[in-house]
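Just so it is clear, the model here is predicted, and its values are computed rather than measured.
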Amino acid sequence: METTQLSRNTNTSKIDCIRTVTFTINGQSTQLQLPPWVSLLDALRHHLHLTGTKKGCDHGQCGACTVMCDGKRILSCLTLAVSKDQSSITTIEGIADNGELHPLQKAFIEYDAFQCGYCTPGQICSAVGMMQEGKAQNRAEVQELMSGNLCRCGANSQIIDAIMEVYIPETHE
Amino acid sequence: MISYEFDYTRPDTVEAALDLLDDDSKILAGGHSLIPALKLRLSAPGKLIDIARIPSLKGIKMDGNELVIGAAATHSDILESDLIKQHLPMFAEGAALIGDPMIRHKGTLGGSLAHADPSADWPAMVLAAEGTVVVQSKTGTRSISSDDFFTGFYSTALESGEIITEIRFPIPAEGTKMTYQKFVQPASRFAIVGCAALRHPDGTARVAFTGVADAPFRDTAVENAVGDWSEEALEAAVALTAQGMEFNVDHYASETYRHHLARVYCRKALKALLY
């Protein structure tokens with residue numbers, strides 16, 4: 001596995017506490033030099049230039065920053081990057097398989113499950129997590145377990161349509 | 001982004017965490033209350049001590065006639081636990097109502113209790129289930145009854161230099177019924193009013209509220225009034241809900257509306273325990 005070493009001049013701090021964080025991002029081992037107050041979201045966007053993950057509210061209310069971490073969907077805005085040393089993170093950039101879109105990505109296009117698209121990366125990462133958890137049995141339960149991801153354009157019903165198409169196609173009309 | 005600077009350590013044991021803990025530091029577990037507070041500068045500790053990965057704080061287990069939940073068990077650990085489903089089903093029911101799946105994957109029981117948000121769900125459930133909060137400091141451990149733990153607005157009996165390690169619950173006798181009913185604030189999913197109620201096989205009850213006042217509380221007037229659980233007795237108990245309390249008032253609910261909601265959710269909880 002190739003190791004990327006990236007750093008950015010963030011060492012303007014009075015506190016000398018730049019840490020080395022090593023994690024796997026979308027299958028690639030990655031090392032960053034970061035101060036502890038950088039969120040995982042800012043590490044992804046500003047330090048790794050993976051700008052697919054979005055910053056909506058930055059307070060854990062909107063779900064736009066959802067990523068998968070060690071197999072669980074989490075909010076990257078409320079996670080310190082240093083706390084995820086040695087973890088494996090998947091962002092929207094790592095959902096497709098060698099250029100072949102993930103079935104959820106295809107369904108989002110097919111069902112027109114976005115308007116502005118800002119919540120879409122979080123919606124898709126969250127739906128990947130929801131499908132792996134495998135708890136939802138029907139549309140209402142899918143809706144409940146996707147409730148942490150807000151769409152302000154009003155595409156919510158298409159978002160659930162797209163997820164249902166992939167998750168429970170036999171019950172979806 | 002967090003607009004101020006702090007140090008961070010992630011010790012491997014509670015003892016190592018206690019060695020680092022001083023008045024300028026804060027314990028970080030799930031971070032879902034603390035990190036927003038840092039972003040808003042409501043709190044600005046010089047150092048965070050991350051205990052989320054300390055193995056001894058994570059488990060959910062039986063110990064004699066008690067069920068023990070580690071302080072760093074997440075809401076989703078509790079929701080998924082077979083021991084919880086078997087012995088404290090209210091906790092699985094309640095955990096499913098906290099925030100959303102992403103929040104449940106990181107937020108912890110110990111963190112929620114230490115933070116003591118007046119609208120948090122766990123405090124009411126821990127009070128109703130007769131929880132005991134076990135805390136450790138450099139000088140030893142002590143157990144704090146949940147009845148004595150919540151002391152006011154975001155305030156607890158936790159002292160500086162102490163870390164919550166686990167929360168212990170007596171295993172309810174066969175036939176015990178319990179429920180958590182909550183009127184949810186639809187955006188944050190916090191409780192505008194939440195009522196946790198437990199009915200022992202002998203008919204005695206424990207009833208606790210969150211969201212109603214500046215701290216969660218047990219309502220002993222309601223508990224004492226349920227009597228034979230007849231319709232009349234329950235209505236009399238409901239009428240006593242939160243009597244004499246100073247109610248929270250915010251843009252979601254006035255004092256009168258909150259009192260009304262407390263009675264409605266008390267009735268819902270008690271009725272859920274009838275059969």
Which bit of [X] is near chain B, if near means a heavy-atom gap under 4.5 Å: side chain, backbone, both or neither?
| X | result |
| --- | --- |
| A/Asp58 | both |
| A/Leu150 | neither |
| A/Ser126 | side chain |
| A/Ser83 | both |

Under a 4.0 Å N-O cut-off, is there an ion pair linking B/Arg189 with A/Glu144? yes
Could you tell me whether A/Lys106 and A/Glu100 have a side-chain N and a carboxylate O separated by less than 4.0 Å? yes
Donor-acceptor pair, side chain of A/Asp70 and main chain of A/Ser88, under 3.5 angstrom: yes
So does B/Gly46 get a backbone contact from the side chain of B/Asp24, meaning a donor-acceptor N/O pair under 3.5 Å? yes
Tell me, side chain or backbone of B/Leu38 under 4.5 Å from chain A's heavy atoms, or both, or neither? neither
Heavy-atom cut-off 4.5 Å, strictly under: side chain, backbone, both or neither for B/Leu28 against chain A? side chain
Which one of B/Leu34, B/Leu40, B/Leu48, B/Asp50 has the most heavy-atom pairs closer than 4.5 Å to chain A? B/Leu40
Check: B/Phe6 ring centroid to B/Tyr4 ring centroid under 6.0 Å: yes
Option in A/Gly60, A/Cys77, A/Ser39 with maximal non-hydrogen atom pairs under 4.5 Å from chain B: A/Cys77
If you tally heavy-atom pairs under 4.5 Å between each of A/Leu145, A/Val82, A/Asp42 and chain B, the highest tally belongs to A/Val82
Nearest heavy-atom approach of A/Pro121 to A/Lys54 is CG-CG, 4.3 Å
Once you measure the plane-to-plane angle for B/Phe183 and B/Tyr265, does it fall in the parallel (<30°), tilted (30-60°) or perpendicular (>60°) bin? tilted
